[in-house]
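Written below as structure tokens is the structure these notes are about.
Computed from a predicted structure; not experimentally measured.
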Amino acid sequence: MMPRIALKTGIWVALATLFLSSLGLLLWQYTVQGTDRSLSAKLELGTDFSLTDHNGDTITEAAFAGRPTLIYFGFTRCPEVCPTTLYELSGWFEALGDEGRDLQAFFISVDPERDTPEIMKGYAEAFGDRVTGITGDPDEVARVIAAWHVYAAKIPTDDGDYTMDHTASVFLIGRDGRFRGTIAYGEDFESATGKLRRLAGIS
């Protein structure tokens, strides 16, 4: 009889612990909602790299330092998510005007086998002159993707080709090169521009 009672007690203790932990997490999330803090805000993201920008020049991780930076991983054959995100990004920049002139943005291809610098240039510049496309050696790109904890995978299509499934958030990097949060796909305009104002130090 005693073992059964002990087992029931153990189950209730485990359930109570799980409930309190979940409640604590929900309360924490409620406290920080509307800010740039997140569960992953303390992650050490990024790595050194040597890739090619959309002008055909070598670009390294040094390009992300010294200025508030937005980084987005996608591909030029993306049917909806990527063009929508870059369109919204250009709208954020437009809304901030001269106050946000120090912000810079980079569009890193998750499909470097097809996204050449020339293709990246035409694609990025279709959304304005504030986004720099980045592509390069597939192995080097894969290493960068992994270092940013980004999900990217080839998905076969019925016609024998493939598309890409990938993380859709925009990463926010401070002047010090540290990760400051994300803007989610489809996030409210006021929320997104508010995060950019804080990132750029706009009062």
Exercise for review: State, yes or no, whether a side-chain contact exists between Glu99 and Arg197 at a heavy-atom distance under 4.5 Å.
Suggested key: yes
Practice item. Kindly work out whether a path of hydrophobic side-chain contacts (I/L/V/M/F/W/Y, heavy atoms less than 4.5 Å apart) joins Tyr87 to Ile183. Key: yes
**Study point:** Arg198 side, atom CZ; Thr193 side, atom OG1 - distance, nearest 0.5 Å
**Key:** 9.0 Å
Exercise for review: Might you work through the side chain to side chain contact (heavy atoms under 4.5 Å, CB included) test for Val131 and Tyr72, ending with a clear yes or no?
Suggested key: CA-CA 10 Å; Val131 180; Tyr72 180 68; over 6 Å; no
Exercise for review: Taking the side chain as every heavy atom from C-beta outward, state whether Thr76 and Ser109 have any atom pair closer than 4.5 Å.
Suggested key: no
**Study point:** Considering all heavy atoms, the nearest Ala192-Glu187 contact
**Key:** N-OE2, 4.1 Å
Review point. With ring centroids as reference points, do Phe127 and Phe107 lie under 6.0 angstrom apart?
Key: no
Practice item. Measure the CD-CG distance between Glu94 and Leu89 for me, rounded to the nearest 0.5 Å. Key: 12.0 Å
**Study point:** Asp158 atom CG, neighbour heavy-atom count above 12 within 6.0 Å
**Key:** no
**Study point:** Under 3.5 Å: donor-acceptor pair, side chain of Arg114, backbone of Ile119
**Key:** no
Study note, to complete from the structure: Contacts satisfying salt bridge (Lys or Arg N to Asp or Glu O under 4.0 Å) that involve residues 57-81 (not counting sequence neighbours) are Arg67-Asp102, Arg77-Asp161
Point to revise | Minimum side-chain heavy-atom gap Asp129-Phe93 below 4.5 Å | key: no
Review point. When you look at Phe64 and Phe49, which way does the ring pair (Phe, Tyr, Trp, His ring centres under 6.0 Å) test go after all the steps?
Key: CA-CA 11 Å; Phe64 301 162; Phe49 65 84; 5.6 Å; yes
Revision key, fill the gap. When rounded to the nearest 0.5 Å, the distance separating OH of Tyr185 from CD of Glu88 is 7.0 Å
**Study point:** Spacing of Thr116 atom OG1 and Lys121 atom NZ [to the nearest 0.5 Å]
**Key:** 12.0 Å
Revision key, fill the gap. Rounding to 0.5 Å, atoms CD1 (Ile59) and CD1 (Ile108) come to a distance of 8.0 Å
Check your understanding: From Asp115 CG over to Ile134 CD1, what is the distance, rounded to the nearest 0.5 angstrom?
Key -> 12.5 Å
Practice item. Grab the two heavy atoms, one from Leu103 and one from Arg130, that are nearest each other, plus how far apart they are. Key: O-NH2, 3.0 Å
Check your understanding: Counting heavy atoms not belonging to Asp48, are there more than 12 under 6.0 Å from its CG?
Key -> yes
Review point. Is the backbone N or O of Ala63 less than 3.5 Å from a side-chain atom of Gln104, with the two atoms forming a donor-acceptor pair by type?
Key: yes
Review point. Which word best sums up how the rings of Phe179 and Phe171 line up, parallel for under 30°, tilted for 30 to 60°, or perpendicular for over 60°?
Key: tilted
Check your understanding: Are the charged groups of Arg143 and Glu140 less than 4.0 angstrom apart, N to O?
Key -> yes
Check your understanding: Considering all heavy atoms of both residues, which atom of Ala200 and which atom of Arg175 are nearest to each other, and what is their separation?
Key -> O-NH2, 3.2 Å
Practice item. Report the relative orientation of the aromatic rings in Trp148 and Phe73; use parallel for angles under 30°, tilted for 30 to 60°, perpendicular for over 60°. Key: tilted
Review point. Counting N and O atoms only, with roles assigned by atom type, does the side chain of Thr132 sit under 3.5 Å from a partner on the main chain of Phe106, one being a donor and the other an acceptor?
Key: no
Study note, to complete from the structure: Tightest non-hydrogen contact, residues Ile173 and Arg180, listed as C-CG, 4.2 Å
**Study point:** For the student: nearest non-hydrogen atoms of His149 and Leu45, plus distance
**Key:** CD2-CD2, 3.1 Å
Exercise for review: For residues Leu70 and Trp92, determine if any side-chain heavy atom of one lies less than 4.5 Å from a side-chain heavy atom of the other.
Suggested key: yes
Check your understanding: Hey, which of Ile202, Leu96, Val170 is the one that makes side-chain contact (heavy atoms from CB on, under 4.5 Å) with Leu196?
Key -> Leu96
Review point. Are Tyr162 and Phe75 connected in the hydrophobic side-chain network, where two residues link if heavy atoms are under 4.5 Å apart?
Key: yes
Check your understanding: What closest approach, in Å, do Gly74 and Cys82 show between heavy atoms, and which atom pair accounts for it?
Key -> CA-SG, 3.6 Å
Exercise for review: Would you indicate whether Glu125, at its atom CD, is surrounded by more than 12 heavy atoms from other residues, nucleotides or ligands within a distance under 6.0 Å?
Suggested key: yes
Point to revise | Any donor-acceptor pair under 3.5 Å from Ser169 side chain to Thr182 backbone | key: no
